[in-house]
Amino acid sequence: MATIAFIGLGNMGGPMARNLVKAGHTVRGFDMVAKNVEAAGALACKSAAEAVKGAEIVVTMLPAGPHVRSVYDEVLPVAAKGTLLIDCSTIDVDSARAVAKKAEGYSLDMVDAPVSGGTVGAEAATLTFMVGGSARAFERAQPVLAQMGKTIVHAGGPGNGQAAKICNNMILGISMVAVAEGFSLAEKLGLDAQKLFDISSKSSGQCWSMTTYCPVPGPVPTSPANRDYKPGFTADMMLKDLKLAVSAAQGAGQATPMGAAAQSLFALMVSSGRGGLDFSGIIKMLQGR
Ligand code: NAD
């Protein structure tokens with residue numbers, strides 16, 4: 001069993017750290033909100049630097065790139081030789097590559113390992129990890145990630161985990177808008193939602209946004225549409241990921257017109273005060289409700 005520093009114990013980091021405690025590791029926690037550390041069952045530390053003392057592994061689960069950059073500035077100079085760094089936050093590819101380069105400067109192995117699966121996956125230890133980093137860093141990270149998740153894929157070098165995450169979520173944001181438009185048009189044309197589902201879920205329009213997360217109540221009983229769009233995955237989070245994708249596309253010179261359109265639509269949903277709803281609630285906005 002290892003001593004693990006865990007920094008950022010919010011909605012995702014909290015249950016992930018709890019799973020590491022359950023697995024028998026010593027977890028040294030730090031969060032800006034002290035009660036989050038206690039709730040996760042970790043040993044409370046006064047700062048990120050203090051949490052890292054004596055740790056062989058450092059896991060971060062923070063909101064965005066600037067948080068990760070600043071925590072790494074604090075942690076890298078005090079991390080012991082041989083410490084493995086695992087950043088599970090969803091951040092921009094440039095920040096992920098910048099902190100990986102800094103870690104390399106300290107001769108420390110690091111992976112970016114953003115996740116898919118939400119708070120339910122974090123609690124059940126069934127997350128999917130998309131991992132960027134060297135083969136050696138990936139091999140070292142895999143056993144720890146396996147205690148917090150089920151599917152672990154090595155996506156390539158530093159930053160490639162983040163690249164996979166934003167490409168996937170851009171596809172998700174676009175496909176949710178497409179499904180929402182289809183079901184809204186069906187309603188206007190007098191076609192029953194269940195009938196469209198029965199046909200389209202077995203036809204060429206089928207996708208995850210329809211078959212697992214259908215934005216209208218009824219066809220998929222577990223989808224957020226059946227609980228007034230209580231999240232799930234909030235529109236705020238979707239907007240954050242679409243911004244990352246569109247900005248990365250601009251930097252890389254790749255046209256993503258549908259990604260940009262999806263970003264504008266989720267920005268409208270958020271600015272109308274519905275950022276806390278599940279992102280599939282975009283259908284209500286399309287329907288003018
Ligand atoms: P959250 O806001 O609940 O948790 C972030 C935690 O980081 C908070 O507890 C905050 O106090 C802490 N924090 C911020 N700055 C800090 C600092 N400098 N030092 C120590 N602690 C600090 O967010 P979350 O939902 O847990 O998401 C975390 C990351 O996971 C985000 O990047 C998000 O995009 C990603 N993610 C979230 C979900 C989800 O469903 N919530 C799913 C996949 C990925």
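Both ligands and their constituent atoms are indexed starting at 1 by order of listing.
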**Item:** Sequence neighbours excluded, every pair satisfying ring pair (Phe, Tyr, Trp, His ring centres under 6.0 Å) that has a member inside residues 267-289
**Value:** Tyr213-Phe279, Phe233-Phe279

**Asked** Side chains of Ser116 and Thr128: donor-acceptor distance under 3.5 Å anywhere?
**Response** no

Side-chain donor-acceptor distances from residues 255-265 under 3.5 Å, at least two apart:
residue	atom	partner	partner atom	Å
Ser264	OG	Ala260	O	3.2

Tabulation required: pairs of a nitrogen or oxygen in ligand 1 and a protein nitrogen or oxygen under 3.5 Å; columns are atom names and distance to 0.1 Å; otherwise 'none'.
residue	atom	partner	partner atom	Å
ligand 1	3 (O)	Asn11	N	2.9
ligand 1	3 (O)	Asn11	ND2	3.2
ligand 1	9 (O)	Asp31	OD1	3.1
ligand 1	9 (O)	Asp31	OD2	2.7
ligand 1	9 (O)	Asn36	ND2	3.0
ligand 1	11 (O)	Asp31	OD1	2.6
ligand 1	21 (N)	Met32	N	3.4
ligand 1	26 (O)	Asn11	N	3.3
ligand 1	26 (O)	Met12	N	2.8
ligand 1	32 (O)	Leu62	O	3.0
ligand 1	32 (O)	Pro63	O	3.0
ligand 1	32 (O)	Thr90	N	3.0
ligand 1	32 (O)	Thr90	O	3.4
ligand 1	32 (O)	Lys240	NZ	2.9
ligand 1	34 (O)	Lys240	NZ	2.8

**Message:** Could you check whether Glu139 and His154, counting side-chain N and O atoms only, form a donor-acceptor pair closer than 3.5 Å?
**Reply:** no

**Prompt:** Does Ser95 have any side chain to side chain donor-acceptor pair (under 3.5 Å) partners at least two apart in sequence or in another chain, and if so, which?
**Reply:** Arg69, Asp92

**Asked** Is any side-chain heavy atom of Ile7 closer than 4.5 Å to a side-chain heavy atom of Val59?
**Response** no

